[in-house]
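A quick write-up on the structure given underneath.
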There are 2 protein chains.
Amino acid sequence: MPELHRLPILGGRTAPVSRAVAEPGQGDPLSVAGAAAAVAPIAYLDDGRAHREEAQREELLQVGDLARECGKTVRAIHHYEAVGLLKPHTRSKGRYRLYGRDAIARVRWIHKLHELGMTLTDIQEILALWERAPSAPDGMREIRAVYHQRLAAVREQLERLTLLERELFASLRYLDTCDTCDPNLLTARFGDAHHADACSSCTHHVEEPEPELVAGLHAGGHT
Amino acid sequence: MPELHRLPILGGRTAPVSRAVAEPGQGDPLSVAGAAAAVAPIAYLDDGRAHREEAQREELLQVGDLARECGKTVRAIHHYEAVGLLKPHTRSKGRYRLYGRDAIARVRWIHKLHELGMTLTDIQEILALWERAPSAPDGMREIRAVYHQRLAAVREQLERLTLLERELFASLRYLDTCDTCDPNLLTARFGDAHHADACSSCTHHVEEPEPELVAGLHAGGHT
DNA sequence: ACAAACCCTTACGCAAGCGTTAGGGTTATC
DNA sequence: GATAACCCTAACGCTTGCGTAAGGGTTTGT
């Protein structure tokens, strides 16, 4: 992975619902929202399918709603669709994308895997694995293998980063002592208080070796 | 930061010295290699400048040597120079870049800061800060501020990644139980053992809620 | 003098993950 | 029926950190 993650900023808008898209009205087969959660516990083992279908009967989200709920941009959602990570549940007459609430879970899933260092393509391949699997347990086995690898990579990264964090911290403590340094004294000694050697010869940390994160500054520079 | 780090692979060549560039010969003011390290301890506080100048009298490295010693490519070194992170100590008559051994420290410094999530531009700005500082202590103060910020960012990243690592690990354990699942039983129950509900209704983890990293698979898919 | 290894500069290429127009419909509200 | 606020598709743009030629010298050894 290239560098550290800079997390996306959440959208600024307030209202989580759009101008009442797909509102509960008669004639529309896609609207009986509510109660699903209350019924689920019983239906759970009896028929997960009914449970799931009910979930889809809930109010649908426009792409903007989905984006806001996930802290993504509309463009990002479109992009995910383009690379095969997501598909709208339906389209309105005007070809507006309409998503079920489960799309939120999907987008968050994408987000997390991405934070875990996978590319969108990698993630797509996971979906492909899952879809091509002959049975659910088979699919899960394959997913598990991928996750397993990722876990190893993440742990490696964590170790590296932890070491670097310590180094950085140590360097900061080293630099703290520089504050007690009087430029005039250095000038007296070296003529030019800015000279690279002024620091490495400063008496405040004679014993301490200069940390690499500090030494690099006055090493073979561009100066 | 975009994703996780994939560390560069070290070069394959064996010999760390090139075909004897800038060999100790007469007439060349840049060659008295050796002894420097032995003299240094005494000169250290007396005159850091002499110490440093001696270091530069050591044998010089060609760009290929430098690259190999740092696990970078020649192209990368060139690039660092292009963005103002590094400059050859000298050039040969034929315009070959010749670096002092301290360039190694510089490149490693660049590498570490990069791993810590800074862009090359960020790193260049650190150098600029240092060079523009009126005195060494002043410079160090500015550097410290930058490092301080970085430390905070890195720690944030570590926390996020640690949480995600746990989630991933938990998901793996959840998936382990899938292995004990018999596709035939699922088929008997759902007709299609691959159906998304087959897994979420599997009796093996009735109580356990499905981890997000698993739920995302069969949520609002591209299927 | 010639080959093997290097090195030089210039400049286009590339992967990722969206950002950003550009031009043009759609929905819901007033 | 006129807005405002959204949404659609298509497609080029951008950033980072080099990779990869392309065309041509330089060093060193034999």
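Predicted model only: the values in this text are computed from it and were never measured.
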Polar atoms only, N or O, under 3.5 Å: list the protein pairs with nucleotides 19-23 of chain C and their distances.
{"residue": "dG19(C)", "atom": "OP2", "partner": "T73(A)", "partner atom": "OG1", "Å": "2.8"}
{"residue": "dG19(C)", "atom": "N7", "partner": "R75(A)", "partner atom": "NE", "Å": "3.3"}
{"residue": "dG19(C)", "atom": "O6", "partner": "R75(A)", "partner atom": "NH2", "Å": "3.0"}
{"residue": "dT20(C)", "atom": "O4", "partner": "R75(A)", "partner atom": "NE", "Å": "3.0"}

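- Nearer to the 5' terminus of DNA chain C, by closest-nucleotide assignment, is the contact made by R97(B) (compared with the other of H79(A) and R97(B)).
- Checking the phosphate oxygens (OP1, OP2) of dT27(D), a side-chain nitrogen or oxygen of S92(B) falls inside 4.0 Å.
- The side chain of Y80(B) places an N or O atom within less than 4.0 Å of a non-bridging phosphate oxygen (OP1 or OP2) of dC18(D).
- Residue-to-nucleotide proximity on DNA chain D shows that, of G94(A) and K93(B), the 5′-proximal contact is made by G94(A).
- Atom OH in Y99(B) sits about 11 Å away from atom C1' in dC8(C), given to the nearest Å.
- Using a cut-off of 4.0 Å between Lys/Arg side-chain N and Asp/Glu carboxylate O, R160(A) and E156(A) are scored as salt-bridged.
- The distance between atom CD1 of I123(B) and atom P of dG17(D), rounded to the nearest whole Å, is 8 Å.
- At least one side-chain nitrogen or oxygen of H78(A) sits closer than 4.0 Å to the OP1 or OP2 atom of dC8(D).
- At whole-Å resolution of the value, CG in L120(A) and C1' in dA15(C) are 12 Å apart.
- When distances run from any side-chain atom of Y96(B) to the nucleotides dC6(C), dG17(D), dT27(C), the shortest one goes to dC6(C).
- Between the side chains of H218(B) and E131(A), not a single donor N or O lies within less than 3.5 Å of an accepting N or O.
- Taking atom CD of E81(B) as the reference point, atom C1' of dG17(D) lies 16 Å away to the nearest angstrom.
- A cation-pi arrangement, defined by a distance under 6.0 Å to the six-membered ring centre and an angle within 45 degrees of its axis, is present between R155(A) and F169(B).
- Remark: R95(A) is not in phosphate contact with dC7(D), judged by side-chain N or O atoms under 4.0 Å from OP1 or OP2.
- Computed from coordinates, the H111(A) NE2 to dC18(C) C1' distance equals 14 Å when rounded to whole Å.
- Here dT26(C) presents its P atom at 19 Å from CG of L60(A), a figure rounded to the nearest Å.
- Under a 4.0 Å N-O distance rule, the pair E167(B)/K112(A) qualifies as a salt bridge.
- Scored by the side chain to side chain donor-acceptor pair (under 3.5 Å) test, R144(B) finds D176(A), D179(A) as partners (sequence neighbours excluded).
- Computed from coordinates, the I77(B) CD1 to dC6(C) P distance equals 16 Å when rounded to whole Å.
- Annotation: side chain to side chain donor-acceptor pair (under 3.5 Å) contacts of E142(A) (sequence neighbours excluded): none.
- The distance between atom CG of D65(A) and atom P of dT27(C), rounded to the nearest whole Å, is 15 Å.
- Phosphate contact (OP1/OP2 of dC7(C), side-chain N/O of Q62(B), threshold under 4.0 Å): present.
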Check against side chain to side chain donor-acceptor pair (under 3.5 Å), Y99(A) and K87(A): CA-CA 8 Å; Y99(A) 300 89; K87(A) 212 175 61 175; over 6 Å; no
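- Side-chain atoms of V63(A) lie closest to dC7(D) of the nucleotides dT27(D), dC7(D), dT9(C).
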